[in-house]
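The figures here come from the full heavy-atom set of this structure, side chains too, leaving out hydrogens, waters and symmetry mates.
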Amino acid sequence: MKKALFIAAVFSAMLVQAQVPEGISYQACLNGNDGAVAYRDVLVKFSILKSSGQGAAVYSESHNTRTNSMGRLEVEIGRGTPLSGRFDTIDWLSGDHYLKSEFSL
């Protein structure tokens with residue numbers, strides 16, 4: 001019985017490590033000097049950087065979206081318009097990765 005549980009645990013661990021995210025949910029609230037930036041079109045650019053916040057971009061994409069009444073926007077990183085690289089080929093196990101986000105109104 002112990003051997004069967006051990007095999008099941010090892011198999012489960014392999015399945016978890018093998019899964020690549022299809023996308024990363026991202027939410028932000030945009031505020032200006034006068035409060036929420038409500039009902040505004042926003043261009044958002046995301047870059048996944050390797051090793052540090054100043055590292056090389058392994059992937060970047062853009063999203064055209066709109067804020068709600070509270071200045072909130074929601075997108076899924078990995079589902080935008082690719083600018084460089086491919087999200088599904090990022091080697092997440094190769095070290096630290098950092099997210100850079102840029103907003104244009």
Side-chain angles (χ1 to χ4, degrees):
M1 182 66 164
K2 286 182 182 181
K3 188 174 187 178
L5 289 175
F6 176 75
I7 291 171
V10 170
F11 183 69
S12 296
M14 289 187 325
L15 287 176
V16 171
Q17 281 189 343
Q19 293 178 356
V20 175
E22 293 179 12
I24 301 169
S25 296
Y26 183 90
Q27 299 177 9
C29 290
L30 302 183
N31 291 296
N33 292 335
D34 299 327
V37 180
Y39 302 114
R40 295 284 302 271
D41 293 324
V42 181
L43 173 66
V44 185
K45 179 182 174 188
F46 294 106
S47 299
I48 306 292
L49 309 177
K50 178 86 167 126
S51 301
S52 76
Q54 291 76 38
V58 295
Y59 175 74
S60 62
E61 70 179 22
S62 65
H63 292 260
N64 288 303
T65 188
R66 187 166 179 84
T67 61
N68 68 10
S69 63
M70 303 294 288
R72 182 174 151 187
L73 60 87
E74 297 179 38
V75 296
E76 188 171 0
I77 300 169
R79 302 281 186 189
T81 302
L83 301 173
S84 67
R86 286 183 43 194
F87 187 80
D88 63 346
T89 61
I90 297 172
D91 184 3
W92 297 104
L93 298 176
S94 67
D96 293 338
H97 291 80
Y98 293 77
L99 177 64
K100 178 179 178 181
S101 55
E102 303 171 77
F103 302 88
S104 298
L105 299 174

Looking only at heavy atoms, the pair that brings Y39 and T67 closest together is N-OG1, 3.0 Å
Transitively linked via ILVMFWY side-chain contacts under 4.5 Å: I24 with Y59? yes
Supply the atom-to-atom distance K100 NZ to S60 OG, rounded to the nearest 0.5 angstrom. 9.5 Å
Quick one: does any side-chain atom of S47 pair with a main-chain N or O of L49 as donor and acceptor, under 3.5 Å? no
Close side-chain approach of L30 to F103, heavy-atom, < 4.5 Å: yes
Interatomic distance, SG@C29 vs CG@L73, rounded to 0.5 Å, equals 8.0 Å
May I ask you to check whether over 12 heavy atoms, not counting those of K50, lie within 6.0 Å of atom NZ? yes
State yes or no: are the ring centers of H63 and Y26 separated by less than 6.0 Å? no
Atom CD of E76 and atom CD of Q27: how far apart are they, to the nearest 0.5 Å? 11.5 Å
Locate the shortest heavy-atom distance separating R86 from T89; write the atom from each residue and the value. O-OG1, 3.0 Å
Pairwise side-chain contact, V44 with E102, heavy-atom cut-off 4.5 Å (strictly under): no
Side chain to side chain, T81 and S62, heavy atoms closer than 4.5 Å: yes
Between F46 and L99, is any pair of side-chain heavy atoms under 4.5 Å apart? yes
In terms of heavy-atom contacts, E74 and T65 come closest through O-OG1, 4.1 Å
Check whether any side-chain heavy atom of V37 lies under 4.5 Å from a side-chain heavy atom of L105, and answer yes or no. yes
Is any side-chain heavy atom of V42 less than 4.5 Å from a side-chain heavy atom of R66? no
Return the CD1 to OG distance between I48 and S84, rounded to the nearest 0.5 Å. 10.5 Å
Verify salt bridge (Lys or Arg N to Asp or Glu O under 4.0 Å) between R79 and E61, making sure each step is shown before the conclusion. CA-CA 8 Å; R79 302 281 186 189; E61 70 179 22; over 6 Å; no
